[in-house]
Colleague: 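The structure under discussion is supplied below as structure tokens; questions concerning it will follow.
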There are 2 protein chains.
Amino acid sequence: MARPREFDIDQAIDGAMEIFWRQGFKATNMPYLLMAMGLTRGSFYKAFEDKESVYFKTLEHYDEKVVTTTVAMLEGCTAAKASDCLMPLFSQSPKSGYGCFICNAMVEVAPENPKVAEKTQDMAQRLKTAIKTVLDKRNVGSSSAQRADLADVILHLYFGFQAMGKSGWPHEDWSERLKRLLEETAPA
Amino acid sequence: MARPREFDIDQAIDGAMEIFWRQGFKATNMPYLLMAMGLTRGSFYKAFEDKESVYFKTLEHYDEKVVTTTVAMLEGCTAAKASDCLMPLFSQSPKSGYGCFICNAMVEVAPENPKVAEKTQDMAQRLKTAIKTVLDKRNVGSSSAQRADLADVILHLYFGFQAMGKSGWPHEDWSERLKRLLEETAPA
DNA sequence: CTCGTTAGGAACCGCTTGGTCCCTAATGAA
DNA sequence: TTCATTAGGGACCAAGCGGTTCCTAACGAG
């Protein structure tokens, strides 16, 4: 046929995700993006449509790589206490300082890009569902409706935690807070 | 002396705040900014240093105009239930869709601008203090430490609420959630 | 009225932006 | 070996960026 591609698409997207995640969409210009992806303009525009479409692909990549993993981690958690399963959401990740890509995308890009808005909401929804599963399995609270409500509250806390973290707001220890929220310890 | 200024500085900053708040820093270019402020390039650079310094001034303006008002509203609230005082934080404001300027700034600008990071944290801190005052006055929970913790949780919920709102995440009714959080109704 | 001073505003600046073009290199099928 | 096809990569592009310059207009002090 013809000359084969010299780079791995998935690996390039991974590099793009890294820099979009860290810097946001507008702050990442083509030179930076190309460097992060490890390719030159020619290869980029041969393989992809444009900067915006790659941004969306990085969201999908984040979904497959991070969200799916997190959901699996939550749903597969065997700890007795729900708070122990949910704590990882409130500790600094290895990518700490980046914040959460979903949160960044929601604030920076979603308002002017319906596809991104939909995608971020979809990912958030899946996280919420996973959180609810954690609560359901352990029979937290008194009803499914209450657990759904609680899952939504925890989801909002998570995004608040991520948003505030980007300004350097000091990370408290959230384990006690979660326990209290889930009524796993008697409120003193 | 000399020719007097034809526009009102504070009013111009107010227009700038409006557009920075709605669109963010990078997405707002000079033509848009000038239109929002109601002046031309010449007047702009006579009166202000540059785009970035005006952005910071809009943060200060937001502080004086919105944060201060909100803090006063919280601290002056006479309702018996804390949740009734805090509910306004979780309803759509007239500027709904803009999100919260502090949250936007934390996510978009703070990571690469220490002055902005500090300013946003300061405003968040003042909101937190006001929330704690609301809780203290009504003796929510069992200790000052617990109320401080709860105030921080509510603050995080608020930012999560604002961040997610920017993607169009549907606004639930938060009054019941707040009541539950503050243990104003017996957990069923 | 005169004149020094400052605001207003348009033209202009160098630079960066995202994206295209086009030539060359590398490949596999015939 | 030949050749059609596609990747790689640098040069190039128009448009937009934030910011400056400079001329004119409008004022107030004298």
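In what follows, every chain begins at residue 1, and chains take the letters A, B, ... in the order their sequences are listed.
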Colleague: Only pairs under 3.5 Å count here: list side-chain donor-acceptor contacts from residues 101-117 of chain A, not counting sequence neighbours, and write none if there are none.
Modeller:
from, atom 1, to, atom 2, distance (Å)
A:Asn104, ND2, A:Trp21, O, 3.2
A:Asn104, ND2, A:Tyr98, O, 3.0
A:Glu108, OE1, A:Phe25, N, 3.0
A:Glu108, OE2, A:Phe25, N, 3.4
A:Glu108, OE2, A:Lys26, N, 3.1
A:Glu112, OE2, A:Lys26, NZ, 3.1
A:Asn113, OD1, A:Lys115, N, 3.1
A:Asn113, OD1, A:Val116, N, 3.1
A:Asn113, ND2, A:Glu52, OE2, 3.2

Colleague: Would the distance check show the side chain of B:Arg147 and the main-chain N or O of B:Val140 forming a donor-acceptor pair, the cut-off being under 3.5 Å?
Modeller: yes
Colleague: In this structure, how many angstroms lie between the P atom of C:dT17 and the CE atom of B:Met30, rounded?
Modeller: 18 Å
Colleague: Atom CG of B:Asp50 and atom C1' of D:dC17: how far apart are they, to the nearest Å?
Modeller: 14 Å
Colleague: Between atom CZ in B:Phe25 and atom P in D:dC17, what is the gap in whole Å?
Modeller: 13 Å
Colleague: Partners of B:Ser43 by side chain to side chain contact (heavy atoms under 4.5 Å, CB included), sequence neighbours excluded?
Modeller: B:Phe7, B:Leu39, B:Thr40
Colleague: Counting N and O atoms only, with roles assigned by atom type, does the side chain of B:Gln146 sit under 3.5 Å from a partner on the main chain of B:Ser142, one being a donor and the other an acceptor?
Modeller: yes
Colleague: Taking 4.0 Å as the cut-off, does a side-chain nitrogen or oxygen of B:Tyr45 come that near to OP1 or OP2 on D:dT20?
Modeller: no
Colleague: Residues two or more places apart in sequence or in another chain: which of them pass side chain to side chain donor-acceptor pair (under 3.5 Å) with A:Arg138?
Modeller: none
Colleague: Is there a donor-acceptor pair closer than 3.5 Å between any side-chain N or O of A:His61 and the backbone N or O of A:Lys57?
Modeller: no
Colleague: Is the distance between the ring centroids of B:Phe161 and B:His171 under 6.0 Å?
Modeller: yes
Colleague: Can you name the closest pair of heavy atoms from A:Val71 and A:Arg126 and give their distance?
Modeller: CG2-O, 3.9 Å
Colleague: What residues from residues 12-20 of chain A pass a heavy-atom cutoff of under 4.0 Å to DNA chain D?
Modeller: none
Colleague: Check whether any side-chain heavy atom of B:Trp169 sits under 4.5 Å from a side-chain heavy atom of A:Asp152, and report yes or no.
Modeller: yes
Colleague: Return the value, rounded to whole Å, for the distance between atom OH of B:Tyr32 and atom C1' of D:dC17.
Modeller: 14 Å
Colleague: Kindly compute the distance separating NZ (B:Lys137) from CD (B:Glu75), expressed to the nearest 0.5 Å.
Modeller: 6.5 Å
Colleague: Expected output is a numbered-order residue list: members of residues 105-116 of chain A with a heavy atom under 4.0 Å from any atom of DNA chain D. What is it?
Modeller: none
Colleague: Roughly how many Å is it from CG in A:Asn29 to P in C:dG19, rounded to a whole number?
Modeller: 12 Å
Colleague: Could you give the NZ-to-C1' distance, from B:Lys26 to C:dT17, as a whole number of Å?
Modeller: 15 Å
Colleague: Report, as a single string ordered 5' to 3', how protein heavy atoms within less than 4.0 Å touch nucleotides 5-13 of chain C: B base, S sugar-phosphate only, - not at all.
Modeller: BBBBB-B--
Colleague: Verify, without hydrogens or angle tests, whether A:Ser53 (side chain) and A:Asp50 (backbone) share a donor-acceptor contact under 3.5 angstrom.
Modeller: yes
